[in-house]
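In what follows, a single structure is set out as structure tokens and then discussed.
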Amino acid sequence: MVVHQPSVKPETEQLRGMLFSWFQQWVFIFQRSHSPEKAFVPFISQLTKQGILKVEDISSFFFRVCAEASMNSYIKCMANGEFEYAFQVLDAMSRLIVYIIKYHGDASGINNDQAKVHYLTKILSIFVLVLANMHEEQGVLFQQKPFFRFFSSFISDLHSIAEHLGSTYFSLLIAISDTFSFLQPTYFPGFAFSWLCLVSHRLFMPKLLLSANREGWSVFHKPLLSLFKLLAPFLKEADLQLASRDLYRGSLRLLVPLHDFPEFLSEYCSSLCDAIPPRCIQLRNIILIAFPMSIILPDPHLRNIKFDSIPEMGPIPPILSDFVCFRSHKR
């Protein structure tokens with residue numbers, strides 16, 4: 001099943017064909033060139049001369065045509081048994097966006113970082129639109145693998161130019177996280193397993209949690225909370241079918257490496273546990289046993305110990321969750 005385009009005017013269809021031919025040129029360059037980045041410069045110069053990237057509507061249409069073409073290429077390759085070529089066009093699409101972000105800048109040269117983030121946000125929103133259309137049209141036959149491959153390749157390709165991007169790299173990760181918030185399983189259940197793999201990606205989750213001044217903590221807290229809210233109805237009724245059971249096991253595996261960041265779990269424990277039904281003792285305990293690395297827990301087997309006299313009982317622990325808001329909602 002391929003992505004079907006709605007009926008359009010002849011001139012729009014002609015424009016689609018022209019944009020598709022430009023994308024095919026880039027795929028050919030990506031597959032044949034030993035250094036795609038060097039070949040990118042003349043390619044993007046020609047694309048700019050044609051006015052494709054200068055006009056907002058045309059540039060958005062270009063990226064939509066590219067997104068639909070890359071997904072259709074995967075579907076056709078899989079249908080024809082050409083498995084070794086299935087991901088090539090998706091990888092070419094990922095590399096094209098990364099190179100555009102790398103060399104994109106503000107026309108005035110003042111807000112280059114902000115311009116990169118804005119441009120990436122626009123491109124990713126188009127991919128969300130394409131995914132939403134396919135998710136609705138294909139229903140239970142929706143194929144999540146090509147979208148997973150694209151986002152996974154894009155995160156890896158973006159990391160490869162992290163040094164060039166400098167501080168902008170973290171802002172681009174936030175833009176990716178916002179995209180994942182739009183794609184959460186509550187809205188797109190057919191993308192649930194790929195979504196879980198992406199938010200726990202080795203070049204995504206640790207980068208947010210290791211960010212300076214913990215700026216990425218609240219960013220990663222959102223998808224984690226979305227995951228628990230999705231599982232809550234199934235866990236509350238203890239009605240775990242095959243898919244929901246696998247998603248639950250995946251959530252457990254996600255929490256285990258999070259113990260490398262115990263401060264994150266301990267400071268967000270209020271909101272995370274609030275989203276987990278009380279009957280899920282194992283899931284709650286994984287969060288509740290986390291404690292800051294700077295604290296040495298007293299021996300629980302000691303007798304006649306007065307906990308009030310322990311120095312660690314004095315400081316008020318930091319809580320980043322808005323627990324007052326959660327308690328008011330409970331009422």
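- Other residues, nucleotides and ligands contribute at most 12 non-hydrogen atoms within 6.0 Å of the CZ atom of R253.
- Among residue pairs with one or both ends in residues 150-169, those qualifying as salt bridge (Lys or Arg N to Asp or Glu O under 4.0 Å) are R95-D157; sequence neighbours excluded.
- Put simply, CG on L209 and CG on D260 are 10.0 Å apart, with the number rounded to the nearest 0.5 Å.
- With ring centers used as reference points, Y268 lies under 6.0 Å from F264.
- By the criterion of side-chain heavy atoms lying less than 4.5 angstrom apart, applied directly or through intervening Ile, Leu, Val, Met, Phe, Trp or Tyr residues, L254 is grouped together with L210 in one hydrophobic cluster.
- Open room surrounds OH on Y187; 12 or fewer heavy atoms of other groups in view lie less than 6.0 Å from it.
- The distance from the CZ atom of F63 to the CE atom of M93 is 6.0 Å, given to the nearest 0.5 Å.
- Other residues, nucleotides and ligands contribute only 12 or fewer heavy atoms inside 6.0 Å of the NZ atom of K145.
- The closest side-chain donor-acceptor pair between S59 and K122 falls under 3.5 angstrom.
- Following chains of ILVMFWY side-chain contacts shorter than 4.5 Å, one can reach L320 starting from F261, so the two form part of one hydrophobic cluster.
- Residues Q114 and Y119 bring no donor and acceptor atom of their side chains to less than 3.5 Å of each other.
- The distance between the ring centers of F180 and W195 does not fall below 6.0 angstrom.
- The closest side-chain donor-acceptor pair between Q143 and Q138, if any, does not fall under 3.5 angstrom.
- F127 has its ring centre no less than 6.0 Å from the ring centre of F147.
- In this structure, the separation between CG on L235 and CZ on R279 is 9.0 Å, given to the nearest 0.5 Å.
- Annotation for H118: atom NE2 does not count as buried by contact number, only 12 or fewer foreign heavy atoms lying within 6.0 Å.
- The number of heavy atoms from other shown groups lying within 6.0 Å of CD (E37) is above 12.
- F83 and I75 fall within the same hydrophobic cluster, defined by Ile, Leu, Val, Met, Phe, Trp and Tyr side-chain heavy atoms under 4.5 Å apart, directly or through other members.
- Within 6.0 Å of CD1 on I281 lie no more than 12 heavy atoms contributed by other residues, nucleotides or ligands.
- Between F204 and V199, the shortest heavy-atom contact is CD2-O, 3.5 Å.
- In this structure, F234 places its CZ atom where only 12 or fewer heavy-atom neighbours from other residues, nucleotides or ligands lie under 6.0 Å away.
- Judged as a salt bridge (charged side-chain N to carboxylate O under 4.0 Å, His left out), and not counting sequence neighbours, the contacts of D246 are R249.
- Within 6.0 Å of atom CZ in F148, more than 12 heavy atoms from other residues, nucleotides or ligands are found, so the atom counts as buried in its surroundings.
- Atom CG of L258 and atom CG of L265 lie 5.0 Å apart (nearest 0.5 Å).
- Among L231, L227, L225, the single residue meeting the side chain to side chain contact (heavy atoms under 4.5 Å, CB included) criterion with K229 is L225.
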